[in-house]
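Numbered from 1 within each chain, the chains take letters A, B, ... in sequence-line order.
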Amino acid sequence: MKIYDTMSRSKREFIPLEEGKVKIYVCGPTVYNLIHIGNARPMLVFDTVRRYFIYKGYDVCFVSNFTDVDDKIIQAAIAEGVDADVISTRYIEECKKDMAAMNVLPADVHPLATKEIDGMIDMITELIQKGHAYVAKDGTVYFRTDSFAEYGKLSHKNMDELQSGLRELKVSGEADKESPSDFVLWKPKKDGEPYWDSVWCKGRPGWHIECSVMSKKYLGEQIDIHGGGEDLVFPHHENEIAQSECCSGKSFANYWMHNAFLNIDNKKMSKSAGDFFTVRDIAGKYDLQVLRFFMLSAHYRSPINFSAELMEAAKNGLERILTGVSKLKDGMQATQLAALLEEEKAYMQEAKALHLKFEAAMEDDFNTADAISAIFELVKLANTTGGLRASKEYMTYMYKLLVDLTDILGIITKKEEEKPDARIEALIAERTQAKKDKDFGKADAIRERLKEMGIVLEDTREGVKWKRI
RNA sequence: GGCGACAUAGCCAAGUGGUAAGGCGUGGGUCUGCAACACCCUGAUGCGUCAGUUCAAAUCUGACUGUCGCCUCCA
């Protein structure tokens with residue numbers, strides 16, 4: 001399996017730290033509002049990465065935090081006149097609902113920054129002791145970037161150039177910093193803000209320290225994969241490396257994975273531009289499986305553009321897969337042929353080749369777009385070779401294969417059994433009778449009526465089928 | 001200014017040296033009372049432009065054009 005590593009800027013063969021195990025840490029959202037569709041991309045990407053590792057038989061430990069103390073949360077709390085934890089608790093719950101609706105597996109651990117303050121104080125203390133951090137007059141603790149010779153190795157930044165670029169910041173504030181690139185580990189509280197006691201001052205942690213601490217606590221000093229959006233490369237992940245490696249003296253993460261952005265009108269989504277969608281907005285119009293399928297239809301390192309047209313295309317494409325799997329399921333239950341037919345052996349070979357294509361795509365830095373193409377080809381194969389004249393063994397094989405592969409992508413194809421609805425069944429029976437009587441006007445009227453109820457009918461050889469839209 | 005990414009049919013999108021996957025959409029057809037589903041057919045003599053390397057380039061090299069991102073909170 002090859003993974004593109006931001007640090008080395010190349011695809012590298014994946015070798016776990018410990019045989020058969022994978023430790024993954026993904027930076028989670030700051031919970032000051034409902035998550036937006038941009039937040040959803042890393043969630044879906046890394047959930048799929050995780051699912052593939054599980055499929056491969058790895059013992060995966062997946063940790064993703066919620067940042068629940070932050071300026072934006074405090075602002076939202078002030079605006080609503082409530083405590084910050086009211087805001088963060090609320091949006092963590094909402095975020096979990098969205099994740100569940102996108103079929104994102106809950107992390108093995110979802111640590112909260114506010115519950116890990118002791119660990120942060122310990123790490124900051126250690127950094128100060130080792131000369132990697134210092135306390136300013138007002139009690140702010142800064143990381144001393146000059147003390148870490150490798151600072152900039154992830155983002156490939158030249159520190160001298162960075163210095164000149166940051167000159168303006170130096171003038172505008174934080175005058176106590178030794179160097180403009182030094183960053184905050186601990187800062188004093190302001191009135192009305194949540195705070196914790198420390199030997200430096202009453203205050204709260206900087207943003208970067210939490211991930212170093214939580215990663216260390218739940219996964220150890222060294223992890224296999226650290227992931228997040230590409231905007232986190234600098235400074236967030238660069239700073240995490242500085243903090244963690246200065247403490248442990250060991251390499252922090254072996255592979256740095258970063259997803260590209262989800263854009264609107266080919267530009268980064270921004271509130272000010274007015275083009276801003278929450279996952280909840282999309283859920284009002286589509287099953288979030290569609291959003292998931294849409295996101296995975298492009299490679300995770302490519303920017304992806306969001307639009308209504310593309311969502312429609314994704315919806316239709318996903319529908320084709322779902323319909324195909326559904327036909328297989330019906331077929332394998334209805335067919336009278338048990339044993340595999342001679343020609344089906346060849347079809348199964350084709351299916352196996354497509355299974356290998358799927359795996360090869362995923363092995364190559366999680367090329368989900370290519371993997372999906374293998375699924376479409378499997379659906380086509382099933383549609384052309386399945387049906388009442390195919391054997392139960394063949395269709396069961398195809399069904400299981402498609403369910404397994406789509407499950408790796410987190411796409412649910414096993415449709416839940418609809419509860420029998422007497423009213424709908426009665427209308428369908430009435431329409432069937434009308435059709436028998438050649439009263440097509442009445443039959444169509446009933447079909448139209450059901451459509452208004454959100455029920456779409458399909459006349460098949462095995463009888464009338466219906467589904468909700 | 002520094003660093004980086006991308007440019008493939010109407011749209012989306014794989015392919016990174018051997019002669020263009022897949023999907024959506026369009027048009028035609030088969031099936032069907034009609035519709036839907038499904039199936040068949042339909043699509044780039046060409047992969048931003050111009051040079052170069054090579055027996056061979058969408059794929060490598062250079063230049064150019066265009067788009068976007070990071071360098072500040074940001075998924």
Side-chain angles (χ1 to χ4, degrees), chain A residues 6 9 26-30 32 35-46 67 70-72 75 152 155-158 160-166 168-169 172 181 207 227-236 238 258-263 265-271 293-294 297-299 301-305 307 309-324 326-327 354 357 361 364 367-380 382-387 434-435 438-441 443-444 447-448 451 456-461 464-467:
Chain A
T6 305
R9 286 181 174 168
V26 177
C27 292
T30 301
Y32 63 98
I35 58 165
H36 58 249
I37 53 177
N39 291 306
R41 172 111 105 143
M43 289 176 184
L44 292 167
V45 164
F46 292 106
T67 297
D70 166 271
D71 289 342
K72 285 179 178 169
Q75 278 172 24
S155 53
H156 306 276
K157 294 203 179 298
N158 177 308
D160 294 336
E161 285 158 0
L162 214 53
Q163 303 289 60
S164 59
L166 288 164
E168 288 177 30
L169 282 177
S172 66
S181 57
W207 174 41
E230 63 180 351
D231 56 320
L232 299 184
V233 173
F234 189 90
H236 186 55
E238 196 70 71
H258 294 98
N259 63 276
F261 268 67
L262 178 139
N263 296 328
D265 291 333
N266 284 313
K267 287 190 178 166
K268 192 170 162 177
M269 183 167 68
S270 73
K271 277 185 175 170
F293 184 73
F294 164 73
S297 68
H299 188 90
R301 282 189 287 113
S302 300
I304 187 170
N305 214 28
S307 74
E309 291 77 12
L310 295 174
M311 280 298 284
E312 280 300 314
K315 181 187 170 190
N316 292 338
L318 178 61
E319 193 63 36
R320 176 176 168 77
I321 293 169
L322 265 31
T323 303
S326 170
K327 277 174 186 270
L354 290 168
K357 177 182 174 181
D364 183 16
N367 191 336
T368 53
D370 215 14
I372 286 172
S373 79
I375 287 177
F376 274 117
E377 289 180 79
L378 276 167
V379 168
K380 169 89 103 186
N383 282 339
T384 49
T385 59
K435 279 175 67 182
K438 305 278 181 200
D439 186 354
F440 298 120
D444 290 347
R447 183 166 64 193
E448 193 55 35
K451 193 176 174 185
V456 173
L457 297 187
E458 280 181 29
D459 295 329
T460 72
R461 288 184 184 81
V464 182
K465 289 202 288 190
W466 62 275
K467 63 181 178 186

Between [options], which one does the side chain of [X] approach most closely?
X        : options             : result
A:Arg9   : B:G4, B:A13, B:C24  : B:G4
A:Leu310 : B:C11, B:A75, B:C37 : B:C11
A:Glu377 : B:A75, B:A21, B:C34 : B:A21
A:Ala369 : B:G69, B:C12, B:A13 : B:A13
A:Pro235 : B:C73, B:A14, B:C11 : B:C73
A:Thr323 : B:A75, B:C37, B:G23 : B:C37
A:Ser302 : B:G69, B:G22, B:A14 : B:A14
A:Glu458 : B:A14, B:C37, B:C71 : B:C37
A:Glu230 : B:A35, B:A21, B:G69 : B:G69
A:Ser373 : B:C70, B:A21, B:A14 : B:A21

Please classify the nucleic acid contact of [X] as base, sugar-phosphate, or nothing, using heavy-atom distances under 4.0 Å.
X        : answer
A:His299 : sugar-phosphate
A:Glu312 : nothing
A:Leu262 : base
A:Lys267 : sugar-phosphate
A:Lys380 : sugar-phosphate
A:Asn305 : nothing
A:Asn266 : sugar-phosphate
A:Lys315 : nothing
A:Phe440 : base

In this structure, how many angstroms lie between the [atom2] atom of [N] and the [atom1] atom of [X], rounded?
X        : N     : atom1 : atom2 : answer
A:Lys451 : B:A35 : NZ    : P     : 13 Å
A:Asp439 : B:C34 : CG    : C1'   : 13 Å
A:Arg301 : B:G15 : CZ    : P     : 9 Å
A:Arg41  : B:A75 : CZ    : C1'   : 10 Å
A:Asn259 : B:C70 : CG    : C1'   : 14 Å
A:Lys435 : B:G33 : NZ    : C1'   : 8 Å
A:Asp370 : B:G22 : CG    : C1'   : 8 Å
A:Asp265 : B:C12 : CG    : P     : 12 Å

Given the structure, check if the side chain of [X] and the base of [N] hold any donor-acceptor pair shorter than 3.5 Å.
X        : N     : answer
A:Arg447 : B:A35 : yes
A:Asn263 : B:C68 : no
A:Asp444 : B:G33 : yes

Is any side-chain heavy atom of A:Asp71 less than 4.5 Å from a side-chain heavy atom of A:Tyr32?
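Of all side-chain heavy-atom pairs linking A:Tyr32 with A:Asp71, none is under 4.5 Å.
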Would you say that A:Arg41 contacts A:Phe261 through its side chain, given a criterion of any heavy-atom pair below 4.5 Å between the two side chains?
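With C-beta onward as the side chain, the pair stays apart.
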Mark yes or no: A:Lys435 above the aromatic ring of A:Phe440, with NZ or CZ under 6.0 Å from the six-membered ring centre and no more than 45 degrees from the axis.
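No, A:Lys435 does not lie over the aromatic ring of A:Phe440.
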Using the [atom1] atoms only, state how far [M] lies from [N], rounded to an integer number of Å.
N     : M     : atom1 : result
B:A9  : B:U26 : C1'   : 12 Å
B:C60 : B:U67 : C1'   : 24 Å
B:U32 : B:C37 : C1'   : 11 Å
B:A20 : B:U53 : C1'   : 22 Å
B:C40 : B:C12 : P     : 26 Å
B:C24 : B:U65 : P     : 39 Å
B:G27 : B:C47 : C1'   : 25 Å
B:U49 : B:A58 : P     : 11 Å

In terms of the nearest nucleotide of RNA chain B, which residue is placed more toward the 5' end: A:Thr460 or A:Gly317?
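Its nucleotide being nearer the 5' end, the pick is A:Gly317.
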Find the partner of [N]: check Watson-Crick (N1-N3 plus N6-O4 or O6-N4) and G-U wobble (N1-O2, O6-N3) distances, both under 3.5 Å, and reply none if neither fits.
N     : answer
B:U32 : none
B:U19 : none
B:U59 : none
B:A7  : B:U65
B:G1  : B:C71

Thinking salt bridges, do A:Arg447 and A:Glu458 make one under a 4.0 Å N-O criterion?
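Here A:Arg447 does not pair with A:Glu458 in a salt bridge, since their nearest N and O are not under 4.0 Å apart.
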In terms of side-chain geometry, is the basic nitrogen of A:Glu377 or A:Lys357 positioned less than 4.0 Å from the acidic oxygen of its partner?
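The answer is yes: the pair qualifies as a salt bridge.
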Compare side-chain N and O positions of A:Asn316 against OP1 and OP2 of B:G25 and report whether any pair is under 4.0 Å apart.
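Yes, within the criterion.
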Taking only side-chain N and O atoms of A:Asn383, does any of them lie within less than 4.0 angstrom of OP1 or OP2 on B:A38?
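Looking at the OP1 and OP2 atoms of B:A38, neither is under 4.0 Å from any side-chain N or O of A:Asn383.
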Which atom pair, heavy atoms only, marks the closest approach of A:His258 to A:Arg301?
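So the two residues come closest at O-CG, 3.7 Å.
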To the closest 0.5 Å, what do you measure between CG (A:Leu44) and CD1 (A:Ile37)?
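One gets 11.0 Å once the value is rounded to the nearest 0.5 Å.
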Rounded distance (nearest 0.5 Å) linking atom CG of A:Leu457 with atom CD of A:Glu448:
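So the gap between those two atoms works out to 10.5 Å.
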Before giving the answer on side chain to side chain donor-acceptor pair (under 3.5 Å), spell out for A:Lys327 and A:Thr460 the whole-Å C-alpha distance, their side-chain angles and the decisive distance to 0.1 Å.
CA-CA 10 Å; A:Lys327 277 174 186 270; A:Thr460 72; over 6 Å; no
